[in-house]
Amino acid sequence: ILTSLEKLEVAPPSPGQLKHVFFHNALPFVGFGFLDNAIMIAAGTQIELSIGVVLGISTMAGKYCQIQNHLFLFSCSSSLAGYVEALASRLGLSIPDLTPKQADMWQTRLSAHLGKAIGVTVGCILGMFPLLFFGDEEEKLEEKK
C-alpha cells in the first residue's frame, strides 16, 4: 500500500537548478583536468627527455616508459582531486538545493555528467600550457644530434 507521500509527483528540477548542478560538477573537474594534464605533460616530457636520452632508447620504448609514467602521475593527480573539491567549496560553490528524488532524476544526472565531462575537457585544454615551453628544448636536442 502506497502512502500519500509516495503518490505525490515530484517536480523536475528547474533550468536554474540544473545549471547549478552543472557548474557544481564542472568546476572541480576543470581544476582536476588542469592539474592532471599539466603534471603529465611537464613530468612526462622531462622523464622522456632525460631517461630516453641517457639510455638511448627508441621512440617506441620511450613512449612505453611515458605511458607507465602517465599511469603513475594519474594516480598522483587523482589524489589532488580532494584538494580541488575542497578549494571549490571554499570559493563558495554551494551544493544544489534538490530533494533526493530530484537529485536522482535523469535530468539531474545528465546535467552532472555533462558538467564533469565538459569540466575535465576544459581543464585538460587549459592544462596543456606547458607545451608552450617545450618547443625550444626539442629544437636544441635536434641540433645537438
Side-chain angles (χ1 to χ4, degrees), residues 1-53 55 57-142:
I1 299 175
L2 295 175
T3 64
S4 61
L5 290 176
E6 290 175 342
K7 291 180 183 179
L8 291 176
E9 288 286 326
V10 177
S14 68
Q17 288 175 314
L18 292 175
K19 191 184 303 183
H20 192 170
V21 169
F22 177 87
F23 284 112
H24 178 76
N25 285 284
L27 288 177
F29 275 84
V30 169
F32 171 72
F34 175 83
L35 288 173
D36 182 53
N37 215 19
I39 290 170
M40 282 191 189
I41 289 172
T45 303
Q46 291 304 316
I47 289 172
E48 182 181 357
L49 290 176
S50 61
I51 294 175
V53 171
L55 297 178
I57 57 178
S58 68
T59 304
M60 289 303 290
K63 292 298 176 189
Y64 176 75
C65 291
Q66 193 173 9
I67 290 169
Q68 298 301 319
N69 174 49
H70 281 237
L71 292 174
F72 170 72
L73 291 173
F74 180 75
S75 65
C76 292
S77 61
S78 295
S79 64
L80 295 174
Y83 294 110
V84 172
E85 289 178 6
L87 178 64
S89 67
R90 281 188 185 176
L91 293 174
L93 187 63
S94 62
I95 298 172
D97 187 28
L98 299 170
T99 66
K101 286 192 177 192
Q102 284 178 321
D104 195 39
M105 290 183 172
W106 70 269
Q107 299 97 325
T108 310
R109 286 182 282 149
L110 178 65
S111 182
H113 290 307
L114 283 174
K116 292 172 185 177
I118 291 171
V120 80
T121 302
V122 169
C124 285
I125 290 169
L126 294 174
M128 290 192 307
F129 83 93
L131 295 174
L132 298 172
F133 305 107
F134 289 130
D136 296 335
E137 290 180 14
E138 291 176 4
E139 289 173 7
K140 288 177 187 176
L141 283 175
E142 289 179 13

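Since we're looking at a predicted model, the values are computed, not measured.
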| said: List the residues meeting side chain to side chain contact (heavy atoms under 4.5 Å, CB included) with Val30, not counting sequence neighbours, and say none if there are none. | reply: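 Result, side chain to side chain contact (heavy atoms under 4.5 Å, CB included) vs Val30: Val122, Leu126.
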Closest approach of [X] and [Y], non-hydrogen atoms and distance?
X: Met128; Y: Asn37; value: CG-ND2, 3.2 Å
X: Pro130; Y: Ala38; value: CG-O, 3.9 Å
X: Gly33; Y: Val120; value: CA-CG2, 3.9 Å
X: Thr108; Y: Val21; value: O-CG1, 3.8 Å

| remark: Of Pro13, Pro96, Ser14, the one forming a side-chain contact (heavy atoms from CB on, under 4.5 Å) with Gln102 is Pro13
Look up atom [atom1] in [X] and atom [atom2] in [Y], then write down how far apart they are to the nearest 0.5 Å.
X: Arg109; Y: Leu114; atom1: CZ; atom2: CG; result: 13.0 Å
X: Phe29; Y: Asp36; atom1: CZ; atom2: CG; result: 11.0 Å
X: His24; Y: Lys116; atom1: NE2; atom2: NZ; result: 9.0 Å

| message | For a 4.5 angstrom cut-off between non-hydrogen side-chain atoms, does Met105 reach Val10? | response | yes
| message | Are the side chains of Phe22 and Ile118 in contact, using a 4.5 Å heavy-atom criterion? | response | yes
